[in-house]
Number of protein chains: 2
Amino acid sequence: MKFAEQLKALRSELHLSQDNLASQLFVSRQAVSKWENGDGTPDLKTLVKLAEILHVSLDTLVLGTKPATGDHIDSSVFVYNPTTGEYERRRGGMNFWDFLAEYWWTVIALVTTIGIFFF
Amino acid sequence: MKFAEQLKALRSELHLSQDNLASQLFVSRQAVSKWENGDGTPDLKTLVKLAEILHVSLDTLVLGTKPATGDHIDSSVFVYNPTTGEYERRRGGMNFWDFLAEYWWTVIALVTTIGIFFF
DNA sequence: TATTTGCGCAACTGTGAGTTGCAAAGAAAG
DNA sequence: CTTTCTTTGCAACTCACAGTTGCGCAAATA
């Protein structure tokens with residue numbers, strides 16, 4: 001989420017003041033200030049207008065990605081269904097125990113740390 | 001703003017239920033329903049996660065622009081599980097902080113319980 | 001038939017996006 | 001050096017709407 005930095009950088013590149021940009025988006029000047037300081041994010045409609053004004057893609061504006069869209073970590077879980085012959089997303093998704101199975105060590109560390117703190 | 005249609009289309013392509021998708025985003029099933037029916041839009045953070053899960057760029061997801069890279073299921077990542085007899089995709093890393101944001105109370109409860117146990 | 005799964009709608013809640021108001025730093029003019 | 005104008009950040013407030021719970025209803029599935 002490089003949005004805040006991207007916004008500030010792109011705005012200065014175009015030599016726009018927060019006030020000027022805000023008026024184009026029909027929001028208050030302070031709203032833009034918040035976005036740039038990471039104290040909030042615009043709603044989707046405003047975000048799209050913002051990308052247009054700054055002449056960048058949504059990915060560039062929000063993620064700071066260069067024109068080429070890079071791939072990302074895939075966290076999906078698919079299973080092959082023999083009856084349908086299709087790949088289906090496994091049901092259930094994430095739950096607490098799935099999490100514990102992967103991060104039990106973090107929980108242990110956390111408990112230990114807090115334990116030490118109290119002793 | 002093709003977001004609603006895009007979401008519905010992309011979700012079905014991946015054979016995901018609203019419920020399944022919602023759990024991955026740590027939101028309620030009905031929230032996803034609203035998005036698809038144009039009765040609302042996700043916040044920026046959720047939108048980014050959504051794009052990742054659906055394997056599309058933000059521009060594709062929000063505006064419906066054609067992606068440069070054609071995305072299809074890569075069979076090389078599927079592994080055969082002898083015990084279940086199914087082809088499964090290895091689980092990727094999940095976002096620790098997203099989880100904490102949702103289940104911090106559970107963690108607190110857990111820590112407290114264990115703390116009490118030791119005292 | 002009963003049960004499960006997937007989805008939509010109504011009603012409610014609370015958060016945070018956007019607002020107004022105040023203040024400060026820097027530049028430019030007088 | 002003051003005055004004024006521009007640009008910006010922060011605090012406090014409000015209310016729109018993102019997200020929630022709860023209910024109902026099809027369509028599969030057992």
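Each chain gets a letter, A, B and so on, in the order its sequence line appears, and its residues count up from 1.
Side-chain contact check for A:His55 versus A:Leu10: every heavy-atom pair is 4.5 Å or farther apart. Residues B:Gln6 and B:Val62 are not in side-chain contact: their nearest non-hydrogen atoms beyond the backbone lie 4.5 Å or more apart.
When atom types are taken as modelled, the side chain of A:Arg11 and the backbone of A:Leu16 share a donor-acceptor pair closer than 3.5 angstrom. The main-chain N or O of B:Ser57 is never found under 3.5 Å from a side-chain atom of A:Asp59 such that the two would form a donor-acceptor pair.
Side-chain atoms of B:Lys34 come within donor-acceptor range of the base of D:dG19, with a qualifying N/O pair under 3.5 Å.
Going from atom CG of B:Asp43 over to atom C1' of C:dG14 covers 14 Å, rounded to whole Å. In this structure, the CG atom of B:Leu47 is 12 Å from the P atom of D:dA18, given to the nearest Å. Between A:Leu44 atom CG and D:dC17 atom P the separation is 13 Å, expressed in whole Å. As rounded to whole Å, 13 Å separates atom C1' of D:dT8 from atom CG of A:Leu7. As rounded to whole Å, 14 Å separates atom C1' of D:dA18 from atom NZ of B:Lys49. Rounded to whole Å, the distance from NZ on B:Lys8 to P on C:dC7 is 9 Å. Distance, A:Asn37 CG to C:dG18 C1': 15 Å, rounded to whole Å. Atom CG of B:Leu50 and atom P of D:dG19 are 11 Å apart (whole Å).
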A:Leu58 and A:Leu63: CA distance, side-chain angles, deciding distance, side-chain contact (heavy atoms from CB on, under 4.5 Å) verdict
CA-CA 8 Å; A:Leu58 289 174; A:Leu63 305 172; over 6 Å; no
Walk me through it: do B:Met1 and A:Leu44 pass the test side-chain contact (heavy atoms from CB on, under 4.5 Å)?
CA-CA 9 Å; B:Met1 279 281 284; A:Leu44 192 48; 3.9 Å; yes
Evaluation steps, side chain to side chain donor-acceptor pair (under 3.5 Å), between A:Thr46 and A:Asp43:
CA-CA 5 Å; A:Thr46 307; A:Asp43 57 45; 2.7 Å; yes
Let's go through A:Leu21 and A:Trp35 carefully: what are the C-alpha distance in whole Å and the side-chain angles of both, what is the deciding distance for side-chain contact (heavy atoms from CB on, under 4.5 Å) to 0.1 Å, and is it a yes or a no?
CA-CA 12 Å; A:Leu21 183 58; A:Trp35 303 340; 5.8 Å; no
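Near DNA chain D, meaning a heavy atom under 4.0 Å from it, residues 15-27 of chain A has A:Ser17, A:Gln18 in order of number.
Among D:dC10, D:dT8, C:dG18, the nucleotide with an atom closest to any side-chain atom of A:Asp39 is D:dC10.
Note: B:Leu50 CG to B:Thr41 OG1 = 11.5 Å, rounded to the nearest 0.5 Å. To the nearest 0.5 Å, the span separating OG on B:Ser12 from NE2 on B:His15 amounts to 9.0 Å. Summarising the geometry, atom CG belonging to A:Leu54 is positioned 10.5 Å from atom OG1 belonging to A:Thr60; distances are rounded to the nearest 0.5 Å.
Between A:Trp35 and the phosphate of C:dG18, there is a side-chain N or O to OP1/OP2 separation shorter than 4.0 Å. At C:dG18, none of the side-chain N or O atoms of A:Lys45 fall inside 4.0 Å of OP1 or OP2 (strictly under the cut-off). B:Ser33 has a side-chain polar atom (N or O) that falls below the 4.0 Å cut-off from OP1 or OP2 of C:dG8.
Using a 4.0 Å cut-off between charged nitrogen and carboxylate oxygen, A:Lys49 and A:Glu52 do not count as a salt-bridge pair.
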Give each protein N/O atom lying under 3.5 Å from an N/O atom of nucleotides 21-28 of chain C, with the pair distance.
| unit_1 | atom_1 | unit_2 | atom_2 | d |
| --- | --- | --- | --- | --- |
| C:dG21 | O6 | A:Gln30 | NE2 | 2.8 |

Strictly under 4.0 angstrom, non-hydrogen atoms only: write out the protein contact profile of nucleotides 25-30 of chain D, one letter per nucleotide from the 5' end, B, S or -.
------
